[in-house]
Peer 1: 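Could you have a look at this structure, given as C-alpha cells, before my questions?
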Amino acid sequence: MRTGYRSEISVHHDAYATLRVSLEGGIARVTLDNPPVNVLDVALMADLRHLLTALRDDDSVRVIVFDSASPEFFIAHVDMTLVDAPDAFDRFAADLPDGVNVFQALGELLRHQPQVTIVKLAGTARGGGAEFVAAADMAFAAIGRAGIGQIEALMGIVPGGGGTQYLAGRVGRNRALEAVLGAGLYDAETAERYGWVNRAVPAAELDGVVDRLARDIAALPEGVIAAAKRALAPEDLSEGLRREHDAWAGQFARPAAERLIRGALARGAQSRDGERDLEGLLRGLAG
C-alpha cells in the first residue's frame, strides 16, 4: 500500500475535473460529474484512467462504487465530437496494452481492477456508458429511472469499447445481437432479466442496497476478495476485442457514420433535451 495515499485521494479529490471521490471504510465512492450529460470525453476518460490506475496499488480500498451527479445520465456515450477531432484521444495511445484501442483499454482497466467494482445505475447509460457498466464487476439499476443500451448502430457503427464482448458474456450472443442491432434503450427490469445488470431495484432502495453490499464486501477477512477475483478471473477477450476494433474502425470510416453523427449533434445530441430520446433523434436521421 502507498503510504499516505488514503489522505491524498480523499483530501485532494478536487484535482479530478469530472469526478467526486471520497474514501470511507475501505470503500471508494466515485461520482461522475461531467455536465450536462456525463459524455465520455477526453477529460472524463483521463480522470477515470488516472483514478483506477492509482487505486490499483491501494490495499486500503476494497470496493469502488460508481454513481452519477446527474439524476438522468450515468455516462451518456463517447463524445460524438470525435468526428471532428479523431485524434483527440491519441494522448492515451502511448501506454495502451497490445491489441486494444483507447476505449477498450478503459473497459479492460476496469474489468481487471483488483477491487470489487459496482455501478449504481440511476439514469441512462448508452454506448460507451453501457460498456463501462458491463465492464464493472456488478451493476444495480433503479426501476423506473435506469436505462441501458448500445446505440452505436443508429450512428452507422458498432460498439468499439468492448461492448460486443462484454455484452455477449453477460447476456449471450442472441441477446447481444438484439441489443447491438436493435439499438434500443432497455429498462432496469429487462436488463436484469437479460443478465445485463445484477438486479433491478426500486429507485428509493438503490442507495441502501448498494451501500449494504459494498460495506459487507469491504468488511470481509483479509484475502477473501483477492481469492474470489482470482477464482472468478475475467475471461481473456483479446481476440474478440481485435475483431470488435476492426469492425468499429471500418464502419467509422464510412460516410454514413459521419453524416449520422454530425446530424445528431446538429439536432441536439449531447444536450439534456436531445439525450432524453437519443434513439428517436437518431432514427429520424435514417434514410
Side-chain angles (χ1 to χ4, degrees), residues 9-10 13 16 18-40 44-45 47-48 51-52 55 61-77 106-107 109-111 113-150 161-163 166-167 170-171 185-220 225 229 275:
I9 285 289
S10 59
H13 66 272
Y16 294 101
T18 64
L19 306 175
R20 303 179 201 164
V21 185
S22 63
L23 295 181
E24 181 237 339
I27 303 168
R29 302 182 189 278
V30 182
T31 298
L32 311 179
D33 190 8
N34 192 27
V37 296
N38 281 347
V39 71
L40 183 57
L44 182 55
M45 171 82 77
D47 281 351
L48 287 169
L51 179 73
L52 290 170
L55 288 178
V61 176
R62 295 182 163 197
V63 182
I64 309 174
V65 176
F66 296 94
D67 65 9
S68 173
S70 168
E72 291 187 87
F73 305 101
F74 179 69
I75 297 176
H77 44 69
L106 176 63
L109 186 61
L110 179 61
R111 205 165 64 95
Q113 196 72 15
Q115 291 90 2
V116 173
T117 56
I118 305 174
V119 167
K120 186 162 48 175
L121 186 63
T124 56
R126 296 180 172 103
E131 290 170 327
F132 189 92
V133 172
D137 290 325
M138 307 175 201
F140 296 83
I143 295 171
R145 290 178 53 190
I148 189 166
Q150 296 294 165
Y166 305 152
L167 190 53
R170 285 196 175 219
V171 308
L185 188 67
Y186 290 74
D187 61 31
E189 291 111 325
T190 305
E192 178 196 62
R193 189 164 64 250
Y194 276 28
W196 205 335
V197 300
N198 289 64
R199 205 186 321 165
V201 178
E205 299 174 17
L206 181 63
D207 287 346
V209 167
V210 173
D211 287 351
R212 280 192 297 274
L213 178 62
R215 292 179 188 278
D216 287 347
I217 293 173
L220 289 170
I225 294 171
K229 294 201 79 168
E275 292 286 331

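All values derive from a computational prediction rather than experimental measurement.
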Peer 1: Does any non-hydrogen side-chain atom of Pro114 lie less than 4.5 Å from one of Lys229?
Peer 2: no
Peer 1: State which residues pass side chain to side chain contact (heavy atoms under 4.5 Å, CB included) with Ala141; sequence neighbours excluded, sorted by chain then number.
Peer 2: Leu121, Ala146, Ala188, Val197
Peer 1: Determine, stepwise, if the pair Leu55 / Gln113 fulfils side chain to side chain contact (heavy atoms under 4.5 Å, CB included).
Peer 2: CA-CA 9 Å; Leu55 288 178; Gln113 196 72 15; 4.0 Å; yes
Peer 1: Hey, which of Leu44, Leu40, Leu48 is the one that makes side-chain contact (heavy atoms from CB on, under 4.5 Å) with Thr18?
Peer 2: Leu44
Peer 1: Evaluate the criterion side chain to side chain contact (heavy atoms under 4.5 Å, CB included) for residue pair Leu32 and Ile75; output intermediate values, then yes/no.
Peer 2: CA-CA 8 Å; Leu32 311 179; Ile75 297 176; 3.4 Å; yes
Peer 1: Calculate, to the nearest 0.5 Å, the distance between atoms OG and CG belonging to Ser68 and Asp33 respectively.
Peer 2: 7.5 Å
Peer 1: Quick check for you: to the nearest 0.5 Å, what is the distance between Arg126 atom CZ and Phe74 atom CZ?
Peer 2: 14.5 Å
Peer 1: So how far is it from Thr190 OG1 to Ile148 CD1, rounded to the nearest 0.5 Å?
Peer 2: 12.0 Å
Peer 1: Can you give me the closest heavy-atom contact between Ala28 and Val61, atom names plus distance?
Peer 2: CB-CG1, 3.9 Å
Peer 1: Test side chain to side chain contact (heavy atoms under 4.5 Å, CB included) on Ile217 and Arg62; report intermediate values, then the result.
Peer 2: CA-CA 8 Å; Ile217 293 173; Arg62 295 182 163 197; 5.7 Å; no
Peer 1: Looking at side-chain heavy atoms only, is the closest gap between Ile225 and Gln115 below 4.5 Å?
Peer 2: no
Peer 1: Please report the closest heavy-atom contact between Val21 and Tyr16, naming both atoms and the distance.
Peer 2: CG2-CD1, 4.1 Å
Peer 1: Would you indicate whether the side-chain heavy atoms of Thr124 and Glu72 approach each other to under 4.5 Å?
Peer 2: no
Peer 1: What are the two closest non-hydrogen atoms of Ala218 and Ile27, and how far apart are they?
Peer 2: CB-CG1, 3.9 Å
Peer 1: What's the spacing between His77 NE2 and Glu275 CD if we round to 0.5 Å?
Peer 2: 3.5 Å
Peer 1: Which heavy atom of Val119 sits nearest a heavy atom of Ala136, and at what distance?
Peer 2: CG2-CB, 3.8 Å
Peer 1: So, for Tyr166 and Ala135, which heavy atoms are closest and what is the spacing to 0.1 Å?
Peer 2: CE1-CB, 3.8 Å
Peer 1: If I compare all heavy atoms of Ala130 with all of Gln150, which pair ends up nearest, and what's the gap?
Peer 2: CB-OE1, 3.4 Å
Peer 1: Please confirm whether the backbone N or O of Ile143 pairs with a side-chain atom of Glu189, one donor and one acceptor, at under 3.5 Å?
Peer 2: no
Peer 1: Within a strict 4.5 Å, meaning less than it, do heavy atoms of the Val116 and Ile64 side chains meet?
Peer 2: no
Peer 1: Go through the steps to decide whether Trp196 and Leu167 satisfy the test side chain to side chain contact (heavy atoms under 4.5 Å, CB included), and finish with yes or no.
Peer 2: CA-CA 7 Å; Trp196 205 335; Leu167 190 53; 3.4 Å; yes
Peer 1: Please check if the side chain of Glu131 supplies one atom and the backbone of Gly163 the other of a donor-acceptor pair under 3.5 Å.
Peer 2: yes
Peer 1: Any non-hydrogen side-chain atom of Val65 less than 4.5 Å from a side-chain atom of Val30?
Peer 2: no
Peer 1: Measure the spacing between CG of Leu106 and CG of Leu52 and express it to the nearest 0.5 Å.
Peer 2: 7.0 Å
Peer 1: Report all side-chain donor-acceptor pairs from residues 199-214 shorter than 3.5 Å, counting only partners two or more places apart or in another chain.
Peer 2:
residue : atom : partner : partner atom : Å
Asp207  : OD1  : Lys120  : NZ           : 3.1
Asp211  : OD1  : Arg29   : NH1          : 3.0

Peer 1: Is there any ring-ring contact (aromatic ring centres under 6.0 Å, His included) pair reaching into residues 115-146, and which pairs are they, with sequence neighbours excluded?
Peer 2: Phe66-Phe132
Peer 1: Measure from the side-chain N and O atoms of Ser70 to the backbone N and O of Val37, and report whether any donor-acceptor pair falls under 3.5 Å.
Peer 2: no
